[in-house]
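The structure appears below as structure tokens.
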Amino acid sequence: MQLNDDIISIKNIGEERSKKLQKLGIFTVNDLIEYFPRDYDDRSNVLKIKDIELNKINTIKGKVVIKPETTKIKHLSITKIRISDETGFLEIVWFNQPYLKNTIKYKGEYIFTGKVIEKYGRLQMEAPDYEIIDDRQLLSNGRIVPIYASTYKFSQKLFREVISQTLGSVKDQIKEFLPKEILRENNLCDRAFAIENIHFPKDDKSFFKARYRLAFEELFLLQTKLLQIKGILEHKQCNINIKDTNIKPFLDILPFKLTDAQNKVLKEMLNDFKLDKAMNRLIQGDVGSGKTVIAQILSYIGVNNGYQVAVMAPTDVLASQHFESFKKLFDKLNIKCIFLSGSQKAKEKREAYELIEKGEAQIIIGTHAIIQDKVIFKNLGVVITDEQHRFGVKQREILSKKGENPHTLVMTATPIPRTLALILYGDLDISIIDKLPPGRQKIDTVYVNSTYYPRIYNFLKKNADEKRQAYIICPMIEENEKNELKAVLSYTEELKNEVFTSYNVECIHGKMKNDEKQDIMDRFYKGEIDILISTTVIEVGINVPNATIMVIENAERFGISQLHQLRGRVGRGSDKSYCVLVSDAKSKQSKERLNTMVKYSDGFILSEKDLEIRGTGDFFGTRQHGVPDMKIANLYKDMEILKQVQKVSIMLYKKDPLLLKDENKDLKEKIDNFFNNIDNTVSL
Ligand code: ADP
Ligand code: MG
């Protein structure tokens, strides 16, 4: 068996099981041994029967002293055995597993892990995991036991057996790829040991060594890759000269003054133009912090220096919103903005291509369609990407390898601590807008249950009477899409026909065609719709200052970061704004999450609270940052490893940036393949 073989070549894995494993993303033997446990159960403490702790999970060893028997009471079959060790007897029962009567051998020695209760004055262990004691390695008892994320009815026991057996036959093929020096200096165990002990740790110490090594490895690969991308960018010559940085004419037509925070970021950006390399900068700023105007200033500078500027957003709706707001300003300056998206009609696209190629279009705003090969720019000088988390490392890499080397600015609203940003965005320089524009009022947030609907509806009516608008968000999760969409649509009908009869209510959802969505959004911008019912399509970036109420239904189904993004859609104008979280959820975690939303409004604080509540935090879902999911490293809890990794990869990068030295050969191969298995949120 080879590491690259299909899992079907593993003993005990046939068509059916192989399909189940594939659903978990396991296709090859290597995938299987790198499918790390999601948790562990410490069953290493084997107790004597006399020491059993009542109403707890216990692990004990014993010999079967009476013949197993199965009795049937109505529909329930009960298989019962009795075991003993030198300190006493214990009764063990299983329900509805009559075959155990023949599996468990009379006089056999077994190890059991299960809950012990008292029944009719006697101790009884219920439905334990069991294993026979022979010369084979114990997998599920008497040790630290791995628990795998297995949702497709692939039992833990089977998982353990299959992995153990596979490891046994391919262990020798597990190759070390970290350079010896790095292993030694960081006190890392070798890879084969790590993989074996992450599944079946010999003891605590081996487990921690294994985990440390694998987390180190994972972060190290990411970090080294990011440094390489950064290196490619820095070494590329930049022929795009920005000399004229006078932005006064633009500032003169702006209806507000830049905040100090915006000015600081602007200064950092202008500094980049003094260097002879391309700008490659990330702007991080909470929802509503005013990132768009920074993008506009950069566009203005680009155009003023004779270059074309591309502005990309992750969705059509967002892109066209940007287009409108850019056009409003740049028309006044006689600068031509055009819109381009994949969903436009062929004729419109052709016209756009032509304007771009001739250089007549100066600012091109659209979805990622605009950096596809078909689009030929006359002289592209600046690329701006909004909502960077949809635009991952992989896209950044592709872009960095493209012919031109434009100045690049990416913008994200996801707040993360600085140390982490340095790592996730190792290829970018970072600027932070850390204060919201002035006059912004706190959005009053309330958390209520569904008995409040009549009051919420009245509140919405009153708001509409005062010519302000509102959103109602309904969650929709993928598994049930059809039914849920139906629910959203019928809810809309109900509100239209029974509650808000004299108001304009519309619904927008992800399954609509782009021009339908666009039409609804246009009408919402114009104030023709009072209440917009929406699934989460509006989550990022929408800016309608006249919308002042955000109602979120089944709020427990959203994570803190999503709730924060959604809430950020209101409070964008001068009017007092409100967010209403509706939830009947009973779980402590949900309640805590929603109460946190009520209490805090700052994105950075929320991200920390999120971390506290959830352990990892969905703010930090690496996907959100366009970084591949980590299999083992936890970007928050492993901060110390991260810092160490960062040092080590910078050192390595200085010594051998392209990994051409012989001792780094295996590492190079691994890193070159690093992105191959990542599914892209956005493809170019
Ligand atoms: P985001 O950072 O979420 O993209 P936007 O750029 O959409 O935020 O800005 C949010 C709102 O704040 C917009 O209505 C914008 O016009 C306004 N705004 C931005 N900068 C300022 C400022 N310096 N003073 C007043 N309002 C501002
Ligand atoms: Mg924005």
Side-chain angles (χ1 to χ4, degrees), residues 247-248 250-269 281-300 311-315 317-330 332 363 365 384-391 409-416 430-443 468-469 471 521 524-527 538-548 550 561-577 579 601-604 606-607 619 624:
I247 53 170
K248 190 160 179 307
F250 179 84
L251 294 182
D252 285 346
I253 59 161
L254 209 59
F256 48 72
K257 265 184 66 190
L258 294 185
T259 63
D260 290 348
Q262 285 166 328
N263 273 317
K264 187 186 74 194
V265 169
L266 182 62
K267 213 169 122 197
E268 286 165 352
M269 209 165 73
R281 187 165 287 280
L282 171 84
I283 295 187
Q284 231 193 324
D286 206 350
V287 255
S289 62
K291 295 181 289 291
T292 315
V293 67
I294 300 289
Q296 288 165 338
I297 293 173
L298 179 59
S299 307
Y300 178 77
V311 182
M312 291 183 283
T315 64
V317 166
L318 256 184
S320 73
Q321 169 185 287
H322 275 323
F323 175 66
E324 295 300 330
S325 90
F326 272 63
K327 200 166 146 40
K328 220 156 92 194
L329 288 167
F330 286 103
K332 293 186 189 153
I363 302 177
I365 299 164
I384 300 171
T385 318
D386 196 9
E387 298 307 343
Q388 111 87 26
H389 64 264
R390 304 270 185 101
F391 190 73
L409 184 72
V410 287
M411 303 192 284
T412 177
T414 317
I416 48 169
I430 300 171
S431 292
I432 299 176
I433 305 183
D434 51 10
K435 277 248 164 48
L436 298 184
R440 205 55 74 68
Q441 303 173 36
K442 189 174 176 298
I443 301 162
R468 285 189 299 267
Q469 294 158 278
Y471 301 97
M521 282 320 295
F524 193 63
Y525 284 121
K526 286 188 203 144
I538 66 146
E539 193 190 335
V540 279
I542 296 292
N543 187 26
V544 180
N546 191 46
T548 51
M550 166 64 66
S561 77
Q562 252 182 324
L563 291 171
H564 179 63
Q565 290 280 347
L566 287 168
R567 180 167 62 184
R569 299 306 113 214
V570 295
R572 302 192 141 238
S574 52
D575 291 326
K576 178 86 192 151
S577 294
C579 175
S601 52
D602 180 296
F604 279 93
L606 280 171
S607 69
F619 254 108
Q624 291 210 31

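As the structure lists them, so they are numbered: ligands from 1, and atoms in each ligand from 1. Since the model is a prediction, treat every value here as computed from it, not as a measurement.
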Option set Arg572, Lys257, Met411, criterion heavy-atom distance to atom 10 (C) of ligand 1, minimum: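 Among Arg572, Lys257, Met411, the closest heavy atom to atom 10 (C) of ligand 1 comes from Arg572.
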Ligand 1 versus Leu258: contacting region, heavy-atom distance under 4.0 Å: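 It is the backbone that gets close, since no side chain atom is under 4.0 Å.
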Thr385 vs Met411, side-chain contact (heavy atoms from CB on, under 4.5 Å): CA-CA, chis, key distance, verdict: CA-CA 6 Å; Thr385 318; Met411 303 192 284; over 6 Å; no
Interfacing atoms of ligand 1 (cut-off 4.0 Å, heavy-atom, [X]):
X	result
Asn543	7 (O), 13 (C), 14 (O)
Thr259	23 (N)
Thr292	4 (O), 5 (P), 6 (O), 7 (O)

Any N/O pair Pro437/ligand 1 closer than 3.5 Å: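 In this structure, Pro437 places no N or O atom under 3.5 Å from an N or O of ligand 1.
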Heteroatom proximity flag, Pro438 to ligand 1, N/O under 3.5 Å: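 No; the residue has no nitrogen or oxygen that sits under 3.5 Å from a nitrogen or oxygen of the ligand.
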Lys248/Asp252 ion pair, N-O < 4.0 Å: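 Salt bridge flag = yes for Asp252 with Lys248.
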Which residues share a side-chain hydrogen bond (donor to acceptor under 3.5 Å, both in side chains) with Thr548, sequence neighbours left out: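 With sequence neighbours excluded, Thr548 shows a side-chain hydrogen bond (donor to acceptor under 3.5 Å, both in side chains) to Asn463, given in chain and number order.
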Sub-4.0 Å heavy-atom approach of Gly285 to ligand 1: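 Checking ligand 1 against Gly285, which is what was asked, there is no heavy-atom contact under 4.0 Å.
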Flag if over 12 foreign heavy atoms under 6.0 Å of CG, Asn263: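 Buried by this count: over 12 neighbours within 6.0 Å.
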Enclosure of Lys257 NZ (heavy-atom neighbours >12, cutoff 6.0 Å):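 No, the 6.0 Å shell around NZ holds no more than 12 heavy atoms from other groups.
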ring-ring contact (aromatic ring centres under 6.0 Å, His included) partners of Phe326, counting only residues at least two apart: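 Scan of Phe326 (ring-ring contact (aromatic ring centres under 6.0 Å, His included), adjacent residues dropped) gives Phe330.
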